[in-house]
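As structure tokens, the structure follows; a few thoughts come after it.
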Amino acid sequence: MTTPSLTQRPTWQALARHRDSLQSEHLRQFFAADPNRGTSLALEAVGIYFDYSKNRVTSETISLLTALAEEVGLPARIAAMFRGDKINTTEGRSVLHVALRAPRDAKIVVDGENVVPAVHAVLDKMAAFSERIRSGQWLGFTGQPIRNIVNIGIGGSDLGPVMAYEALRHYSERGLNCRFVSNVDGTDIAEAVRDLDASETLFIIASKTFTTIETLTNAHSARSWLVAALGSEQAVSKHFVAVSTAAEEVSKFGIDTANMFEFWDWVGGRYSYDAAIGLSLMIAIGPNNFRDMLAGFHAMDEHFRTAPLPQNLPALHGLLTVWNTNFLEAESVAILPYDQYLKRFPAYLQQLTMESNGKSVTLEGNPVAVNTSPVYWGEPGTNGQHSFYQLIHQGTRRIVCDFLGFTHSLNPLGKHHDLLMANMFAQAEALAFGKTAEEVKAEGTADRLVPHRTFAGNRASNTILLDKLTPAALGKLVALYEHSVFTQGIIWNINSFDQWGVELGKVLAKRIAPELESAASPPLAHDSSTNALIERYRKQRGR
Ligand code: F6P
């Protein structure tokens, strides 16, 4: 039996008709018609309050969206992921980041083996190692305790650890200095180590495959720097550890596999910072805080696995993204955390969302009939307000905003927090309700300025409110987005867990690198633009 095309599904068509019937309604009218809208279109789960009332939806929209989710089999697909089925069909792999935060006594079987004991064995090994570093017991080659941690990785092996380290900096051991190197641009590693004492520095080489050219290039440079500073190859074993799924590659690099922290091919790179990829984070915040974070993830996992769809926070969030993207033609989602500690959260979500759902063929390899992932971007509030919010308020494009905030600040300081949150609430209000020409005129504005000072409003946003940025809260928040991405992928019938789209550029770069480096003029067989750029580069480098 062939799967019906998404747009041919009766519920999809009902959603399209429903959208047409709402087209002329403004959020002002929705709110005026229902005084309880602000609380009835909101829900709370595992300590996260999710207000979606400022979307252009009614309760009927939610019923239709959840009916669509039922129709495409979302509940069964959720069960399949948690069961360990090989739902990453193009790579023949299970997708089990949820096993990384499962309690010790849970049982999740992959290829006949319960993976939970192995997850906990690695967590225990990470905890013991972290404690040795934090307590000063692990000594470097010259007998000095470690004070600097440099994580070298890229993509999921960088963005997760750095985002979470910044997010949980409040809980970090301030005597340790953590840095993150990702870019193959030599500036990144050069600046990261320039003021460090090698005898007190530990490098964590984080790479799922241990073949990523950026990471290996940076790792080799770090190794040369360390050996030059400490005067011996023997120093490497005391100053380098690896996090990887590829023990053989780790040995080839020269790191003893006893100093390797393992994870598994059923953990996607962008879903891996709660696995050993989070070692730098665990060293910074300590094993207990790390475990609290995992408990937060797990609480959201359980909610996603068990809650009925209309009360299922990640499912609803994902379905609203589908609604805004496919029915209301939103082009992008702005992630706007009103918390300075979450400054890298938008960058982290860019990989999670766009590498997962930036796809244009279905699981069966047919073209997807509708747009898939919107573009994600963002900056912390209130900074963004003084930069790009102008376009969100008065530009011609439709952008959905996710406002993220906390009731309590980790740094209560005078009026700061009330002011911060007043701004967050105000922005969502302004986007939804705008300011009519009549209101602008009534303020005595000159006629010629009225169109410039009018705000159309009717612009969608979600408000996600938590009590306090704790390790558990961060885990819940990340799991919320992971499962929202999953939900979207199920509706679009795409594989959210592969990333073939990053391969072509890697292959071409491998071909071009020797052409840039070679002393003799290489024969160039690219297009005329690429050939000219390579020739110009070579000439200016005197080659
Ligand atoms: O090129 C994309 C990618 O494969 C990401 O999916 C991944 O997170 C990143 O590269 C790094 O990969 P690795 O951890 O294997 O070095």
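Each ligand, and each atom within it, is numbered from 1 in the order the structure gives. Position 1 is the first residue of the sequence; numbering continues from there.
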Do side-chain atoms of T470 reach the backbone of A473 as a donor and acceptor pair under 3.5 angstrom? yes
Among all protein heavy atoms, pick out the one at the shortest distance from atom 6 (O) of ligand 1; state its residue, atom name and that distance to 0.1 Å. E355 OE1, 2.8 Å
Counting from 1, what ligand 1 atoms have a heavy atom of T212 closer than 4.0 Å? 12 (O), 13 (P), 15 (O), 16 (O)
Could you tell me the residue and atom name of the protein heavy atom closest to atom 8 (O) of ligand 1, and the distance to it rounded to 0.1 Å? G156 N, 2.8 Å
Compute the minimum heavy-atom distance from Q351 to ligand 1 and say whether it is under 4.0 Å. yes
Do any N or O atoms from the side chain of D188 and from the backbone of S182 form a donor-acceptor pair under 3.5 angstrom? yes
List every atom of ligand 1 that sits less than 4.0 Å from any heavy atom of V502, numbering the atoms from 1 in the order shown and giving each element. 1 (O), 2 (C)
For ligand 1, is there an N or O atom under 3.5 Å from any N or O atom of S157? yes
Can a donor-acceptor pair be found, under 3.5 Å and without considering hydrogens, that links the side chain of D256 to the backbone of S251? no
Quick one: do W264 and S94 satisfy side chain to side chain contact (heavy atoms under 4.5 Å, CB included)? Show the steps, please. CA-CA 10 Å; W264 308 273; S94 305; over 6 Å; no
Side chain or backbone, does A206 bring an N or O within less than 3.5 Å of an N or O on ligand 1? no
So, does K506 sit close enough to ligand 1 that a heavy atom of it is under 4.0 Å from the ligand? yes
Would you mind listing which atoms of ligand 1 come within a distance below 4.0 Å of any non-hydrogen atom of Q499? 6 (O)
Should L469 and L466 be marked as a side chain to side chain contact (heavy atoms under 4.5 Å, CB included) after you check the CA-CA gap, both sets of side-chain angles, and the distance that decides it? CA-CA 8 Å; L469 180 48; L466 295 89; over 6 Å; no
Element-labelled atoms of ligand 1 that are located less than 4.0 Å from some non-hydrogen atom of G155: 8 (O)
Would you mind checking which non-hydrogen protein atom is closest to atom 15 (O) of ligand 1, with the distance to 0.1 Å? T209 OG1, 2.6 Å
Ring center gap for F50 and H317 short of 6.0 angstrom: yes
For the residue pair Y481 and Y348, is the inter-centroid distance of their aromatic rings smaller than 6.0 Å? no
With a 4.0 Å cut-off, would you call R223 and E233 a salt bridge? yes
The closest protein heavy-atom partner of atom 9 (C) of ligand 1 is I154 O, 3.6 Å
